[in-house]
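The next block holds one structure in the form of structure tokens; read it before the comments.
Bear in mind that the values here come from a model prediction, so they are computed numbers and not experimental data. Side-chain atoms are counted along with the backbone in the values below, which use heavy atoms only and exclude waters and symmetry mates.
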Amino acid sequence: MRRSRDIAILIAPLAALLSHAPLGAQAQPEGLPFDEAAATITEADLRVRIGALAHDSMRGRSTPSPELEKAARYVATKFRTFGLLSGAGDDYLQRYPVTTMRLGPVSAQSLEFRGPAGQRIALDPATDFIPVPAGERLEGEGPLVVVDADDRETDLLGRVALVRANSGTLRSALGSMRELLAGRQASAVILVLDARDSYLDGVRRFFGSERTALGDASVFPGPVALISASRLPGALSEAVRRGGSAEGWSAMIRSSSEIVQADGLNTIGWLEGSDPELKSEYVIFTAHMDHVGVGRPVNGDSIYNGADDDASGTAAVIELAQAFARTRPRLKRSLIFVTASGEEKALWGSRWYVENPPT
């Protein structure tokens, strides 16, 4: 396990936070005054908690992973032991959906053009076109119609839309796929890219890689494929270039993707404030408990332990929860303690907590 920085520097600010809290009424015998509660935050405790969270057995606590769940349950056990109220059901865990999508086997991807003279032109998914991961098993066929990405008028019902795009408009064109397929009921979409081979190679690598995102699977009702204009049959390439008609041409697309649903987790505990009015106001202490998991070895070590990113912050939240839980009197306002996940993946857990606060 990689060594963390000396964590003694954490103790002074944590203790100061407690010692400067407002005192209010006389301390009750079953609790501790604030200064004594602050003294329970020790370097030894912090080292134990950081060591548990950043241990090799946690394998870097990637979101999602079984080790992240172990970390979340470790924190939940501490919150329960301290007597915190659960901020997310009975087990202190707020779960949120995470979806991983990857292309299915090459044999499950196909694109075939059919011409007005009865010709059938089957393309190779490894070299001739780029399947877009869009759903588990999708199939679409119909007459071809050439449209621009911003077209809003052409009838697409039951047709395969041949959409002109380039490297500068690809993002917005991809953003319109749901509207073309679901809203305007195209049976499939083929994005025709006017771009260099090096750019297309990058697009192929992107869509060929595994992608994990926050939320449920975002699938399309029909298949989507990208193709270079140079790979189209000559008549279709000319129609796209000039904005002409593809009358007499049709296409069939089949695609397959593998979709895996998993859970990200936040651990949430809280202490109710003592003031009848101010207890409805909340102070939140938070840190992220995830890291980046297992990756490229550094000096022979492939586990990215994340001792300071952010097992140390999570340990600090645990220590504060324990100390505040032991203080008497309680603070006037309520305190919420959140260890979030998915920080390394664009703040997934924090976003989910803010947008879906537990009731």
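Residue pairs meeting the salt bridge (charged side-chain N to carboxylate O under 4.0 Å, His left out) criterion with at least one partner in residues 280-292, sequence neighbours excluded, are E281-R333. Evaluation of the salt bridge (charged side-chain N to carboxylate O under 4.0 Å, His left out) test over residues 61-73, restricted to residues two or more places apart or in two chains, returns E69-R73, E69-R95. The salt bridge (charged side-chain N to carboxylate O under 4.0 Å, His left out) analysis of residues 195-216, with sequence neighbours excluded, yields the pairs R102-E210. For residues 75-92, no residue pair satisfies the side-chain hydrogen bond (donor to acceptor under 3.5 Å, both in side chains) rule, not counting sequence neighbours. Listed by first and then second residue, the salt bridge (charged side-chain N to carboxylate O under 4.0 Å, His left out) pairs that reach into residues 339-351 come to none, sequence neighbours excluded.
Without hydrogens or angle criteria, H291 side chain to D309 main chain gives a donor-acceptor distance under 3.5 Å. Side-chain atoms of S62 never come within 3.5 Å of backbone atoms of S65 as a donor-acceptor pair (strictly under, hydrogens ignored).
Rounding to the nearest 0.5 Å places OG of S255 at 4.5 Å from CG of L138. Interatomic distance, CG of L278 versus OG of S334, reported as 9.5 Å (0.5 Å rounding).
The hydrophobic cluster around V203 extends to I130, V132, V145, V147, L156, V163, L170, L174, M177, L180, L181, V189, L191, L193, Y199, L200, F206, F207, F220, V224, L226, counting ILVMFWY residues whose side-chain heavy atoms fall within less than 4.5 Å of a member. By the 4.5 Å side-chain criterion applied to Ile, Leu, Val, Met, Phe, Trp and Tyr, F113 is assigned to a cluster that also includes L111, I121, L123, F129, L144, V146, V160, L162, I190, V192, I227, L232, L236, V240, W249, I253.
Residues passing the salt bridge (Lys or Arg N to Asp or Glu O under 4.0 Å) test with E238, sequence neighbours excluded: R241, R242. Residues satisfying the side-chain contact (heavy atoms from CB on, under 4.5 Å) test with V106, not counting sequence neighbours, are P125. Listed by chain and residue number, D128 satisfy the salt bridge (Lys or Arg N to Asp or Glu O under 4.0 Å) test with R231 (two or more places apart in sequence, or in another chain). E136 is linked by a salt bridge (Lys or Arg N to Asp or Glu O under 4.0 Å) to nothing, counting only residues two or more places apart in sequence or in another chain. Here F337 pairs with F285 under the ring-ring contact (aromatic ring centres under 6.0 Å, His included) rule; sequence neighbours left out.
Within the 4.5 Å cutoff, the side chain of H288 has no heavy atoms near those of the T314 side chain. By the 4.5 Å heavy-atom criterion applied to side chains, Y96 and T63 are counted as neighbours.
Aromatic ring orientation, F324 versus F34: perpendicular (interplanar angle above 60°, classes split at 30° and 60°).
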